[in-house]
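The sequence lines fix the lettering, A, B, ..., with proteins before strands; numbering per chain opens at 1.
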Amino acid sequence: MLHAEHVSFSYDARPVLHDIDVSVPTGGLVGVLGPNGSGKTTLLKLLAGLLPPATGHITLDDLDITAMDRRMLARRIAVVPQETELAFDYSVLEIVLMGRYPHLQTFELEGPADLEIARRTLAATGTAHLEQRTFRTLSGGEKQRVVMASALAQFERVPGASDGQDIAPDEDANPTRVLLLDEPTSSLDLSFQLATATLIAELNRTYRTTAVVCTHDLNFAAGLCRDLVLLRDGRVVASGPTDEVLTPDTIGAVYDVEADVHRHETTQHLTVVPLARL
Amino acid sequence: MREATATLPALHPVSAGDLRRRIWLVQVGFGALAVAACIGAPLVGPTTISLRQVFDTTIPFGQNVDAQIFFIARLPRAFAGALVGGSLAAAGVVLQALLRNPLATPFTLGVSAGASLGAMLVITLGVPLTLLGSAAVPVASFAGALGALAIVYFLATMRRQGLSTLVLLLAGVTLNSLFSAIILFVQYLADPSQTLQSVRWVMGNLDVGSYRPLVWALGPMGLAFVAFARLPRALNLLTLGADSAAVRGIDVLRTQRVAFLSASLATGAAVAVGGPIGFIGIIVPHLVRLLVGADHRLVLPASIGLGAAFLVVCDVAARTVLSPMELPVGVITAMLGGPFFLWLLVRNR
């Protein structure tokens, strides 16, 4: 379980998050929703261990992530940022192999097992055919999938190797591995949005990859996520199972928008139709 | 399907063993290139010498004129070119990755401007010359480089807990202008002969005269190269962005610090030896990327070898093209490198 407890954070003197409580169960699929400036991305950075909380704690399977070794944490928590821009022309395979960094010693080169893992994650994200392409020449949707493959490569352990043993003293057979996604659909067309949702759901189902998705897209979140956290002005307005949280009242409270929420006949997902600004 | 453009796809590693082999090939290949340049360069000059006689051990060194010309008169200069060229090329690679900007050069962050100011003050004021003898200019320029490094580093780290690459870039560029203005001011006040000497210094000159300056430079350069050896994979990840590198387990702040300090140290030492020789730090890394791809485990060693060989060859051109007159080597690097680089760009796009 990834758990943020009484977490607050400020940039310089500007407070961004106040007393946040969020828990992401192992194998969970949690959406973080909220208007611009509500603290979604900051929360994601805190959950990734990129920023230290000013107060409170963030724990991964009961271990404080600020006390964890960066490389150990990288084997358990990976991030797919909104956009990845490169200054140089790396191949897709090189990008995915960069996900193996936390498993390698200083001068160690990626071995056959790492290559195997990279190819497996490329296959899992449907990008195996892009392996030899230059990353910069890919479309936005392809880039995102490759970055996701690179993130997944962080989780994989080399079978029989000892590199997983020092992760945590109490490590069980199925530790929490969390994929944090920041606005995964913001630059994608409708078809790729759908493909991304399918991919995240599939990873969650097949590999028990825990996922936290920050998004503006209420319908994307409603269709994908089992639980939602609604933020406004750095505070949690509502959190819980999607069906309970996504109501006209909470949407009004978070976005100042009057909305109609109904269950879609075919998908059985909740669907949000914004009606007017309040 | 679109084809990959800038890099040659077939050269990307297709298997892990392949990467090991390619790193080995690059180290040996580009290393051999640098060694070949260092051996070949001293053979060229107004007096023709034979390589066979240089290494003929049956003739005592005292009577072997060819060996004396080779080892005493010309080899130090070739070594100077190799050390300066390799250092500037490596510093260029490291700073381009650190700043995530392919247009960064070893001189972007103000280190060379600091070095120039140091050298200029000594040349113009002339006073410390008597204190340190012929070493005064290199010592002063290295001190100036360290001063600039300290100022830029202090500015980039004083806000927040991290190292801001934006502030690094802005502080470096500003310091470059500021120091250039002070240099112009000092030159304006100096008498014409001193101005000529200082202008010559800025154009670059690898005529070190003996091995001693190189031995001195080896200290900071060696330190920088030890740091460079550990950097390549972290630099690969840094080009994804600081956050993406950090979530993959990189200690970003430490990597940035090591990258900045080692690249600046190498640049400072290189400029102290040869003056601010331009273009090596940008053309060599780009040329190398076209040849071997973007992986810094290949780019860094290849750039060191090619930078060394390139500057040694340029220096041979500098002292032979208009012989007996000698051209400033910085002019040659730009005149040879510029058009070639442009041709490569056009050919590959």
Side-chain angles (χ1 to χ4, degrees), chain A residues 11-12 45 48-52 69-75 77-81 83-95 97-104 106-116 118 129-139 147 150-151 153-154 180, chain B residues 1-20 22-23 93 96-104 159-161 229-252 254 285-286 289-290 293-297 299:
Chain A
Y11 282 115
D12 295 326
K45 285 189 174 183
L50 289 170
L51 298 171
D69 178 88
R70 268 243 141 266
R71 282 155 51 86
M72 299 309 160
L73 190 62
R75 297 175 189 179
I77 297 181
V79 176
V80 178
E83 264 178 87
T84 301
E85 287 298 331
L86 293 178
F88 305 106
D89 283 332
Y90 290 97
S91 73
V92 164
L93 185 60
E94 284 174 323
I95 296 289
L97 282 171
M98 287 183 198
R100 299 302 295 162
Y101 183 89
H103 297 269
L104 300 171
T106 308
F107 292 104
E108 194 180 356
L109 299 179
E110 298 89 339
D114 299 298
L115 201 67
E116 163 84 36
H129 60 291
L130 302 173
E131 186 185 296
Q132 293 301 318
R133 288 272 298 277
T134 302
F135 183 79
R136 274 211 290 213
T137 64
L138 303 182
S139 74
V147 172
S150 178
Q154 290 174 230
L180 304 170
Chain B
M1 196 162 76
R2 274 173 295 171
E3 288 301 315
T5 49
T7 45
L8 309 168
L11 287 172
H12 281 305
V14 287
S15 74
D18 199 42
L19 178 64
R20 187 178 304 279
R22 278 163 46 87
I23 291 175
V93 168
Q96 283 159 18
L98 171 68
L99 300 171
R100 302 182 67 208
N101 186 340
L103 295 178
R159 290 190 66 237
R160 303 241 175 106
Q161 65 272 55
R230 297 177 65 90
L231 277 176
R233 212 149 49 91
L235 293 181
N236 283 345
L237 273 88
L238 266 196
T239 59
L240 291 176
D243 282 354
S244 291
V247 295
R248 282 171 178 75
I250 296 265
D251 186 337
V252 172
R254 205 189 63 162
H286 282 270
R289 283 192 200 96
L290 290 171
D295 191 332
H296 285 85
R297 288 171 293 189
V299 173

Participant: Can you tell which part of A:Glu108 gets under 4.5 Å to a heavy atom of chain B, answering side chain, backbone, both or neither?
Facilitator: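 Only the backbone of A:Glu108 comes within 4.5 Å of chain B.
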Participant: Give, for atom CZ of B:Arg233 and atom CD of A:Glu110, the distance between the pair rounded to the nearest 0.5 Å.
Facilitator: 6.0 Å
Participant: Taking all non-hydrogen atoms of both residues, which atom of B:Val247 and which atom of A:Arg70 are closest, and how far apart?
Facilitator: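 Of all heavy-atom pairs spanning B:Val247 and A:Arg70, the closest is CA-NH1, 4.3 Å.
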Participant: side-chain hydrogen bond (donor to acceptor under 3.5 Å, both in side chains) between A:Tyr90 and B:Asn236: does it pass, once the steps are laid out?
Facilitator: CA-CA 9 Å; A:Tyr90 290 97; B:Asn236 283 345; 2.9 Å; yes
Participant: Using a cut-off of under 4.5 Å on heavy-atom pairs, state which of A:Leu86, A:Thr84, A:Val80, A:Asp69 scores highest against chain B.
Facilitator: A:Leu86
Participant: Going by side chain to side chain donor-acceptor pair (under 3.5 Å), name the residues that satisfy it together with B:Arg248, two or more places apart in sequence or in a different chain.
Facilitator: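 Residues passing side chain to side chain donor-acceptor pair (under 3.5 Å) with B:Arg248: A:Ser150.
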Participant: Show the nearest heavy-atom pair for residues A:Phe88 and B:Ala294, with the distance to one decimal.
Facilitator: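 Answer, listing the atom of A:Phe88 first, then B:Ala294: CB-CB, 4.0 Å.
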Participant: Under a 4.5 Å heavy-atom cut-off, does chain B meet the side chain of A:Leu180, its backbone, both or neither?
Facilitator: neither
Participant: With rounding to the nearest 0.5 angstrom, report the CE to OG1 distance, A:Met98 to B:Thr239.
Facilitator: 5.0 Å
Participant: For B:Leu99, which atoms come within 4.5 Å of any heavy atom of chain A: side chain, backbone, both, or neither?
Facilitator: neither
Participant: Could you look at B:Ser244 and say if it's the side chain, the backbone, both or neither that has a heavy atom under 4.5 Å from chain A?
Facilitator: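 Contact with chain A is through the side chain of B:Ser244 alone.
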Participant: Tell me, do A:Val79 and B:Asp243 make a side-chain contact under 4.5 Å, heavy atoms counted?
Facilitator: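 In short, these two side chains do not touch, never coming nearer than 4.5 Å.
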Participant: Would A:Asp89 and B:Arg289 pass as an ion pair if we require N to O under 4.0 Å?
Facilitator: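 No, no charged N to carboxylate O under 4.0 Å.
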Participant: So A:Thr106 and B:Arg230, side chain to side chain contact (heavy atoms under 4.5 Å, CB included) or not? Walk me through it.
Facilitator: CA-CA 7 Å; A:Thr106 308; B:Arg230 297 177 65 90; 3.8 Å; yes
Participant: If you take all heavy atoms of A:Ala87 and B:Asn101, which pair is closest and at what distance?
Facilitator: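 Taking every non-hydrogen atom into account, CB-N, 4.4 Å.
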Participant: I'd like to know whether B:Leu240 forms a side chain to side chain contact (heavy atoms under 4.5 Å, CB included) with A:Val147, so could you lay out the CA-CA distance, the side-chain angles of the two residues, the decisive distance to 0.1 Å, and finally the verdict.
Facilitator: CA-CA 10 Å; B:Leu240 291 176; A:Val147 172; over 6 Å; no
Participant: Which residues satisfy the side chain to side chain donor-acceptor pair (under 3.5 Å) test with A:Gln154, sequence neighbours excluded?
Facilitator: none
